Amino acid sequence: MNTAQDSRWMARALRLAERGLYTTSPNPRVGCVLVRGDEVAGEGWHQRAGEPHAEVHALRAAGEVARGATAYVTLEPCSHHGRTPPCAEALIEAGVARVVVAVQDPNPEVAGAGIARLRAAGITVDCGLMEAAAHDLNIGFFARMTRGTPWLRSKIAMSLDGRTALSNGRSQWITGEAARQDVQRWRARSCAVLTGIDTVLADDARLNVRSADMERQPLRVVLDSQLRVPLDARVLYGGGSALIYTASKNGAKSAVLRDLGVEVVVLPDAAGRVDLAAMAHDLARRGCNELLVEAGSTLNGGLLQAGLVDELVLYVAPQLLGNAARGVAQLGELTELEQRVNFEWQDVRQVGKDLRILAKMKKG
């Protein structure tokens, strides 16, 4: 039975886990608080892949005071040897008396084994406290582990009448500076940022994080069925890695791109376009937890029709662009309301002069 004090310390562990929001990829964000009596004995969070996990940081801070303490951990302690030793074993060796876990690890290599190992050592384990918050903090990690695709967010800047660009393709800038800075944070937490070749040709998009305090750059991904990307396109340069998915077998162009350090992957579907589902699974195999899409109506429509969109990040500017301007997504003509794509509102707030709306795909 969890108490108010348990909730207090787990909330603190979740706040610690959030400190790894931009740095832990492809690992999950995890926080740990060790409590002895009513005092914190040690705490920590996972900072980067390959470095010690949250539990290890907390145990090092606590030292001998960890013996008999309660550990509050936002994700089940690992039980296998990866790039670091198993955290479940470290907790056992430190002599903790109780472990409170927010959510079970979806990784098949763990998936309850860490909890079982702790209990087998005589440690009391309670699981499920603040489970929803812990899950949402690592929503992309859970998606990759349970279904083999990243959590896909589509960022769309639009007018009040739902238009994303003029009929000639011009879209810079519909929203204000504050909204554009907010987008930088979504990019920074994402493992990859995806766009289509039309956006590259129209806007020469870079897709990188332009913030001095962000040390990690996401993978920049372009869908380019016919391999039309210009060799001087900014998306191919600027730190981090670039990847192009194509349906073209243009070996000469691919070779030139690879010489530039750009990876080219050929994934054609039956219609001669890029296979979107295969792309999503390939990104997951590369360790991509969260995928941010910044694209036009064609790619947005294709991803929605393929059932790959999980969440919309909508920036709505207080302006009208008229019925000749381009819309949010090309879905074709819907003849029945049952064909509509449904979302559920999650959050609405003002960012500068614009509104930011978060909406998750409604399942079932």
Side-chain angles (χ1 to χ4, degrees), residues 132 135-136 139-140 142-144 146-167 169 171 174-175 179 182-183 186-187 190 192-199 221 223 225 245 267 269-271 273-284 288-317 320-349 351 354-364:
H135 178 276
D136 286 350
I139 200 163
F142 275 81
R144 178 166 68 90
T146 59
R147 69 187 191 195
T149 58
W151 181 263
L152 191 153
R153 292 186 182 94
S154 185
K155 185 278 294 182
I156 300 171
M158 67 183 195
S159 60
L160 279 174
D161 50 351
R163 304 296 173 173
T164 60
L166 299 178
S167 58
S171 62
I174 291 175
T175 54
D182 195 59
V183 171
W186 288 107
R187 286 184 182 180
S190 302
V193 183
L194 168 71
T195 195
I197 184 60
D198 289 341
T199 300
V221 184
L223 261 66
S225 294
Y245 288 106
L267 285 179
D269 65 9
R273 296 183 291 266
V274 174
D275 188 320
L276 297 178
M279 174 207 71
H281 284 285
D282 185 67
L283 286 171
C288 180
N289 295 328
E290 297 181 20
L291 173 63
L292 182 67
V293 177
E294 299 187 32
S297 60
T298 301
L299 181 51
N300 279 325
L303 292 167
L304 284 164
Q305 290 176 320
L308 294 171
V309 177
D310 295 297
E311 186 174 6
L312 297 179
V313 182
L314 302 171
Y315 293 91
V316 184
L320 301 173
L321 295 183
N323 64 328
R326 299 182 182 183
V328 169
Q330 294 182 20
L331 296 175
E333 182 181 2
L334 305 185
T335 57
E336 302 290 340
L337 285 176
E338 288 72 17
Q339 297 173 295
R340 61 192 166 188
V341 182
N342 294 310
F343 287 82
E344 296 178 314
W345 302 125
Q346 300 296 312
D347 182 75
V348 180
R349 67 184 64 189
V351 179
D354 307 306
L355 288 183
R356 190 190 74 187
I357 302 172
L358 305 184
K360 286 185 181 179
M361 176 69 78
K362 187 175 182 179
K363 305 296 183 183

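Remember, it's a predicted structure, so these values are computed and weren't measured experimentally.
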Closest heavy-atom pair and its distance - [X], [Y]:
| X | Y | result |
| --- | --- | --- |
| Gly327 | Ser297 | O-CB, 3.3 Å |
| Asn300 | Ala295 | ND2-O, 3.3 Å |
| Ala157 | Ile174 | O-CD1, 4.0 Å |
| Ser159 | Val316 | O-CG1, 4.0 Å |
| Pro150 | Ala143 | C-CB, 4.1 Å |
| Thr146 | Phe142 | OG1-O, 2.6 Å |

Test log, rule side-chain contact (heavy atoms from CB on, under 4.5 Å), inputs Arg163 and Val328: CA-CA 6 Å; Arg163 304 296 173 173; Val328 169; over 6 Å; no

Pair Glu294-Thr195, side-chain donor/acceptor within less than 3.5 Å: no

Distance-only side-chain donor-acceptor flag, Asp354 / Thr175, under 3.5 Å: no

Counterpart residues, salt bridge (charged side-chain N to carboxylate O under 4.0 Å, His left out), relative to [X] (two or more places apart):
| X | result |
| --- | --- |
| Arg153 | Glu290, Glu311 |
| Arg356 | Asp182, Asp347 |
| Arg273 | none |

Supply the atom-to-atom distance [X] [atom1] to [Y] [atom2], rounded to the nearest 0.5 angstrom.
| X | Y | atom1 | atom2 | answer |
| --- | --- | --- | --- | --- |
| Leu194 | Leu299 | CG | CG | 5.5 Å |
| Thr298 | Leu303 | OG1 | CG | 11.0 Å |
| Asp282 | Asp275 | CG | CG | 10.5 Å |
| Trp151 | Ile139 | CH2 | CD1 | 3.5 Å |
| Asn342 | Leu337 | CG | CG | 9.5 Å |
| Met279 | Cys288 | CE | SG | 9.0 Å |

Side chains of [X] and [Y]: closer than 4.5 Å at any heavy-atom pair?
| X | Y | answer |
| --- | --- | --- |
| Asp269 | Val274 | no |
| Ile357 | Arg349 | no |
| Leu152 | Val293 | yes |
| Val193 | Leu291 | no |

Thr164 backbone acceptor or donor facing Arg326 side chain under 3.5 Å: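 No, Arg326 side chain to Thr164 backbone: no donor-acceptor pair under 3.5 Å.
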
Stepwise side-chain contact (heavy atoms from CB on, under 4.5 Å) check, Leu331 with Gln339: CA-CA 10 Å; Leu331 296 175; Gln339 297 173 295; over 6 Å; no

Verdict with reasoning, Phe343 to Asp310, per side-chain contact (heavy atoms from CB on, under 4.5 Å): CA-CA 9 Å; Phe343 287 82; Asp310 295 297; over 6 Å; no

Candidate pair Tyr315 and Ile156, rule side-chain contact (heavy atoms from CB on, under 4.5 Å), full reasoning: CA-CA 6 Å; Tyr315 293 91; Ile156 300 171; over 6 Å; no

